[in-house]
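Written below as structure tokens is the structure these notes are about.
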Amino acid sequence: MNDEDIDMMERLVAVAKARFDGHLTIMRFTHNWRVGFYQAQDREQIQEMACGTTLAEAAEAALRAVNA
């Protein structure tokens with residue numbers, strides 16, 4: 001991990017703690033990443049999570065979604 005990755009994780013964890021009772025889910029699939037502030041229970045909820053081709057893209061999308 002580089003400094004940018006560590007900063008992103010710190011931002012995700014801070015938002016999770018402050019707004020979502022600490023819940024943070026990060027998933028890596030063959031072709032993309034998913035990030036959400038809940039524990040996905042089924043495929044529909046996984047599809048609703050922020051998505052990106054990299055962890056950074058998915059994390060930024062998740063942070064934008066909760067700050068919108």
Side-chain angles (χ1 to χ4, degrees):
M1 289 182 88
N2 60 33
D3 289 342
E4 290 177 21
D5 294 336
I6 293 168
D7 179 58
M8 181 65 66
M9 284 298 292
E10 289 174 347
R11 290 172 53 202
L12 288 169
V13 169
V15 169
K17 285 180 179 178
R19 298 182 58 188
F20 298 98
D21 198 31
H23 295 275
L24 172 63
T25 301
I26 299 172
M27 298 177 150
R28 185 186 183 287
F29 296 94
T30 303
H31 299 289
N32 64 30
W33 290 77
R34 300 272 179 177
V35 176
F37 295 101
Y38 54 87
Q39 183 176 349
Q41 300 297 314
D42 55 34
R43 287 179 182 240
E44 263 184 41
Q45 288 183 332
I46 292 171
Q47 289 291 346
E48 293 170 0
M49 294 170 78
C51 182
T53 56
T54 66
L55 174 56
E57 284 180 11
E60 286 290 346
L63 291 169
R64 277 194 310 273
V66 299
N67 290 324

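Residue numbers run from 1 in the order of the sequence given.
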Would you list the atom pairs, donor with acceptor, under 3.5 Å between side chains in residues 6-14 and any protein atom, with sequence neighbours excluded?
{"residue": "Arg11", "atom": "NH1", "partner": "Glu60", "partner atom": "OE2", "Å": "3.2"}

Can you check side-chain contact (heavy atoms from CB on, under 4.5 Å) on Gln47 and Arg34, steps first, answer last? CA-CA 8 Å; Gln47 289 291 346; Arg34 300 272 179 177; 3.3 Å; yes
Give, for atom CG of Asp21 and atom NZ of Lys17, the distance between the pair rounded to the nearest 0.5 Å. 12.0 Å
Smallest heavy-atom separation, Gly36 atom then Met49 atom, equals N-CE, 3.3 Å
Do Glu57 side-chain atoms and Thr53 backbone N/O form a donor-acceptor pair below 3.5 Å? yes
Under 4.5 Å between any side-chain heavy atoms of Asp5 and Leu55, yes or no? no
One pair to check against side-chain contact (heavy atoms from CB on, under 4.5 Å): Gln45 and Arg43. What are the steps and the verdict? CA-CA 5 Å; Gln45 288 183 332; Arg43 287 179 182 240; over 6 Å; no
Single-linkage hydrophobic cluster, 4.5 Å side-chain cutoff, Leu63 and Tyr38 together: no
Can you tell me how far apart OG1 (Thr54) and CZ (Arg28) are? Round to the nearest 0.5 Å. 11.0 Å
Do any pairs count as a ring-ring contact (aromatic ring centres under 6.0 Å, His included) and have a residue in residues 12-37, sequence neighbours left out, and if so which ones? Phe20-Phe37
Look only at the side chain of Thr25 and the backbone of Val35, and say whether a donor-acceptor pair between them is shorter than 3.5 Å. no
Just checking Asn2: does its CG atom have more than 12 heavy atoms from other residues, nucleotides or ligands closer to it than 6.0 angstrom? yes
Nearest heavy atoms of Cys51 and Ala61, plus distance in Å: O-CB, 4.3 Å
